[in-house]
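Residue numbers begin at 1 in each chain, while the letters A, B, ... track the order of the sequences.
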There are 2 protein chains.
Amino acid sequence: MRDTKERILDAAESLFAEQGFDGASLRAITTAAGVNLAAVNYHFSSKEALLQSVFARKLAPLNRERLALLDALEAEAAGAPVQLKRLVQAFLEPVVRLIEKPAESGISFGMLLGRMYTTSTPSTRNIFLDEIRVLARRFSAAFQRSLPGLAFEEVAWRMFFGIGAMSQILAASWMLPIVSEGRADVSDVDGIVDSLTSFVTAGLQADPARHSVCSGRRRFPESRRGPRRRSGGRPESS
Amino acid sequence: MRDTKERILDAAESLFAEQGFDGASLRAITTAAGVNLAAVNYHFSSKEALLQSVFARKLAPLNRERLALLDALEAEAAGAPVQLKRLVQAFLEPVVRLIEKPAESGISFGMLLGRMYTTSTPSTRNIFLDEIRVLARRFSAAFQRSLPGLAFEEVAWRMFFGIGAMSQILAASWMLPIVSEGRADVSDVDGIVDSLTSFVTAGLQADPARHSVCSGRRRFPESRRGPRRRSGGRPESS
DNA sequence: GTCTATATGGGGATAGAC
DNA sequence: GTCTATCCCCATATAGAC
């Protein structure tokens with residue numbers, strides 16, 4: 001029988017994933033964990049701190065893996081831009097594979113992560129702000145090197161869209177049978193990784209089709225950082 | 001001063017979007033609406049029925065618009081496949097434009113919709129199950145006609161990814177400044193529609209790169225039902 | 001560290017006067 | 001249709017015995 005703290009974390013992860021932070025009561029969590037109600041506040045001091053601990057346990061290792069894959073790709077490329085598809089795969093695959101770890105702790109962590117993307121409050125958001133920041137910085141730089149001629153903002157938007165496609169698998173898979181008329185499911189994780197990687201890679205490579213007005217398709221890999229406003233792009237900053 | 005019922009719907013839409021179904025109390029909603037607490041149960045009979053009414057008011061018109069655009073495109077094409085990009089735009093644009101209606105009712109409906117994709121319970125899910133079903137049926141047929149040679153399941157997966165990219169804009173826009181290092185925002189809706197449309201269109205057109213192993217690229221739209229594990233959506237329960 | 005018992009507050013829903 | 005007052009339940013958190 002595992003450690004009390006660990007048991008609480010497992011149960012919390014699972015119930016937060018299924019019912020949300022508000023929906024999962026400490027009573028339900030402690031009952032599922034087979035521990036006493038008061039144990040949560042003894043070990044974690046509050047419900048929100050429990051959520052933080054749930055993330056602390058799994059998010060950092062996950063992102064470390066993604067960065068390690070990126071490091072390996074960049075080392076291998078030895079200065080040259082990495083092949084885009086491999087970059088995309090390094091970014092996506094460790095996350096997608098979260099859906100295939102049912103033995104360990106139920107569907108749980110992947111679903112919780114996907115759910116938190118759309119339901120985090122300013123306070124719970126701090127849990128992954130820094131993680132996302134460092135990950136985005138590293139990967140967007142790599143993406144930009146592998147996508148010469150694409151403005152930085154456009155790369156950011158497309159990463160953002162890619163994250164959306166990815167998190168759909170984590171947290172909105174109930175929709176899949178409906179969209180596919182019952183003919184697709186999440187059992188073939190390798191296939192999902194391939195499909196998603198292809199989709200996102202192609203999306204990243206799309207022609208910049210900014211409203212045809214300003215057309216004169218820009219192709220200046222290096223010169224796009226300056227202080228000036230982008231020609232046809234979106235207004236930047238906020 | 002508007003009708004009481006309408007005032008409640010507006011306030012509920014806004015607060016559900018910002019704080020979630022559980023997070024927004026009827027007390028907060030009625031206070032924001034400037035009506036009495038008991039008015040909710042008088043007019044809507046329960047909190048969950050109120051949520052349904054919030055969706056009933058806006059979701060059907062939204063999807064009617066998308067289907068009307070599809071009808072127009074198909075009529076224009078007169079039997080030929082519709083240009084893929086225009087199809088994608090008809091599917092995405094009305095939804096993306098939800099973010100530019102702040103005058104009417106705050107960020108609200110778009111954000112609520114995006115949030116519900118990842119947090120709906122089996123009971124609240126029924127609110128849009130049928131809507132999604134008819135929409136998916138019409139659009140996936142059209143997509144498949146415009147993407148000859150792509151298996152039905154693959155089309156479904158890519159629509160699913162596209163929905164994820166779309167809903168990221170609705171409900172996870174807080175992430176955008178972080179991913180873009182402060183240089184992208186949601187003020188230029190036309191530009192967002194263009195970017196997203198390009199991204200999803202390119203994604204839909206990607207080479208089917210199913211794991212190179214079994215490669216012999218399958219082309220049998222009908223033949224994939226077999227004894228394969230179903231599994232479909234995750235439990236999530238309530 | 002673990003338990004029981006309880007403090008304290010907020011939630012959805014409703015009864016019944018107006 | 002609208003209000004006040006209240007019912008009843010369940011939440012998080014804690015005090016204090018073991």
Can you check the [X] [atom1] to [N] [atom2] distance for me, whole Å?
X: Asn41(B); N: dT6(D); atom1: CG; atom2: C1'; value: 14 Å
X: Ile8(A); N: dG1(C); atom1: CD1; atom2: P; value: 12 Å
X: Phe44(B); N: dT14(C); atom1: CZ; atom2: C1'; value: 18 Å
X: Glu6(B); N: dG1(D); atom1: CD; atom2: C1'; value: 17 Å
X: Leu15(B); N: dG11(C); atom1: CG; atom2: P; value: 12 Å
X: Leu37(A); N: dC3(C); atom1: CG; atom2: P; value: 11 Å
X: Asn36(B); N: dA5(D); atom1: CG; atom2: C1'; value: 11 Å
X: Lys47(B); N: dT14(C); atom1: NZ; atom2: P; value: 15 Å

5' priority, DNA chain D, between Ser25(A) and Tyr42(A) [closest heavy atom]: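 Here Ser25(A) is the residue nearer the 5' end.
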Nearest-0.5 Å distance that lies between atom OG1 in Thr119(A) and atom CZ in Arg125(A):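 The OG1 atom of Thr119(A) sits 9.0 Å away from the CZ atom of Arg125(A).
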Between CG on residue Leu129(A) and CE on residue Met175(B), distance to nearest 0.5 Å: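 Separation between the atoms: 9.5 Å.
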Nucleotide nearest Ser46(A) (side chain, heavy atoms from C-beta), chosen from dT2(D), dA13(C), dA13(D):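 It is dA13(D).
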Phosphate OP1/OP2 of dT2(C) contacted by Thr4(A) side-chain N/O (<4.0 Å):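 Checking dT2(C) against Thr4(A), a side-chain N or O does come within under 4.0 Å of OP1 or OP2.
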Touch class at under 4.0 angstrom, heavy-atom based, for Ala38(B) against every strand present: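 Base contact.
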Salt bridge Arg133(B)-Glu181(A), side-chain N to carboxylate O under 4.0 Å: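 The answer is no: the pair does not qualify as a salt bridge.
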Distance-only donor-acceptor test (3.5 Å): side chain Arg27(B), base dG12(C):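 Checked by distance alone, the answer is yes.
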Cation over ring face, Arg66(B) and Phe91(B), 6.0 Å, 45°: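 Yes, cation above the ring, under 6.0 Å and within 45°.
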